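Below is one structure; the comments refer to it alone.
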Amino acid sequence: MAANQASVNASPADHAMDIVARMEALADSGEWSRIEQLAARLRSVLLDIPDKERQAAIVRISPCFERLQIKVLVSRGEVAEKLSDIRRGQLATRAYGQPDRRAPDSRLR
């Protein structure tokens, strides 16, 4: 109950920091679709911050976004590497004359 009361009394800037922290945690576990949802919520929360406080809040959030961007780039690189490995394996399979799995009626050479 105390946590709910604290979240009710939190400023929009504090709420934005909480959202960014959750985004980082989701990035660590690879839940990218949920991060997109939180990004949309973050945008509206940032607009709720009064103009005179918004810049300070964005400065506080920026390092978190930089860390999040690094995680995204590392994950994208890992996916690209795995796809490249799969493609290389497919090419090697074809080069050694193995039948293509998609063609069950193909003959061995």
Side-chain angles (χ1 to χ4, degrees):
M1 186 71 173
N4 289 341
Q5 186 64 28
S7 64
V8 168
N9 294 333
S11 70
D14 292 335
H15 188 62
M17 282 298 295
D18 180 52
I19 290 173
V20 172
R22 281 188 278 162
M23 289 171 74
E24 282 190 276
L26 290 170
D28 288 337
S29 61
E31 297 183 44
W32 302 109
S33 61
R34 293 188 58 202
I35 291 174
E36 289 181 45
Q37 295 169 351
L38 285 176
R41 282 186 52 205
L42 179 62
R43 193 171 314 133
S44 66
V45 169
L46 287 174
L47 293 174
D48 290 341
I49 298 173
D51 290 339
K52 63 183 180 181
E53 299 171 18
R54 190 174 298 143
Q55 183 178 0
I58 291 173
V59 167
R60 276 182 45 202
I61 291 171
S62 290
C64 299
F65 270 122
E66 289 173 9
R67 287 190 302 271
L68 188 58
Q69 183 179 18
I70 290 169
K71 291 175 186 180
V72 168
L73 293 173
V74 167
S75 178
R76 185 174 76 179
E78 290 171 354
V79 169
E81 185 177 324
K82 286 178 185 177
L83 290 173
S84 177
D85 289 345
I86 290 169
R87 181 74 177 143
R88 193 173 16 257
Q90 290 172 337
L91 293 173
T93 299
R94 279 191 222 125
Y96 287 108
Q98 298 298 319
D100 193 356
R101 287 187 184 181
R102 289 178 275 164
D105 59 337
S106 62
R107 296 181 0 199
L108 290 175
R109 296 180 187 173

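Along the sequence shown, the residues carry numbers beginning at 1. From a predicted model like this one, the values you see are computed outputs, not experimental measurements. Atoms considered below: every heavy atom in the structure, side chains included; atoms not considered: hydrogens, waters and symmetry mates.
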What is the distance from atom [atom1] of [X] to atom [atom2] of [Y], rounded to the nearest 0.5 Å?
X: Gln37; Y: Leu42; atom1: CD; atom2: CG; value: 13.5 Å
X: Thr93; Y: Gln90; atom1: OG1; atom2: CD; value: 7.5 Å
X: Leu68; Y: Leu38; atom1: CG; atom2: CG; value: 10.0 Å
X: Phe65; Y: Arg60; atom1: CZ; atom2: CZ; value: 13.0 Å
X: Glu31; Y: Glu36; atom1: CD; atom2: CD; value: 12.5 Å
X: Glu78; Y: Leu73; atom1: CD; atom2: CG; value: 11.5 Å

Taking NZ, NE, NH1 and NH2 as the nitrogens, is one of them in Asp28 or Arg67 under 4.0 Å from a carboxylate oxygen of the other?
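The answer is no: the pair does not qualify as a salt bridge.
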N-O pairing of Lys82 and Asp85 below 4.0 Å
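Looking at Lys82 and Asp85, the cut-off is not met.
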Could you walk me through whether Leu46 and Ile61 satisfy the side chain to side chain contact (heavy atoms under 4.5 Å, CB included) test, starting with their C-alpha distance in whole Å, then the side-chain angles of each, then the deciding distance to 0.1 Å, before giving a yes or no?
CA-CA 10 Å; Leu46 287 174; Ile61 291 171; 3.8 Å; yes
Are the side chains of Arg22 and Ile19 in contact, using a 4.5 Å heavy-atom criterion?
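Side chain of Ile19 against side chain of Arg22, heavy atoms only: contact under 4.5 Å found.
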Side-chain heavy-atom pair His15, Arg41 within 4.5 angstrom cut-off:
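They are in side-chain contact.
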Linking I/L/V/M/F/W/Y whenever any side-chain heavy atoms sit under 4.5 Å apart, do Val72 and Ile35 land together?
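Val72 and Ile35: one cluster.
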Take atom CD of Glu24 as the centre, draw a 6.0 Å sphere, and report whether it contains more than 12 heavy atoms from other residues, nucleotides or ligands.
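Yes, enclosed.
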In sequence, state the C-alpha distance, the side-chain angles, and the governing distance for Cys64 and Met17, and then conclude on side chain to side chain contact (heavy atoms under 4.5 Å, CB included).
CA-CA 9 Å; Cys64 299; Met17 282 298 295; 4.1 Å; yes
So which atom in Ala57 and which in Ile49 form the shortest heavy-atom distance, rounded to 0.1 Å?
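The answer is CB-CD1, 3.7 Å.
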Using only atom types and a distance under 3.5 Å, with no angle test, would you say the side chain of Ser75 pairs donor to acceptor with the backbone of Lys71?
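Between the backbone of Lys71 and the side chain of Ser75 there is no qualifying donor-acceptor contact (under 3.5 Å).
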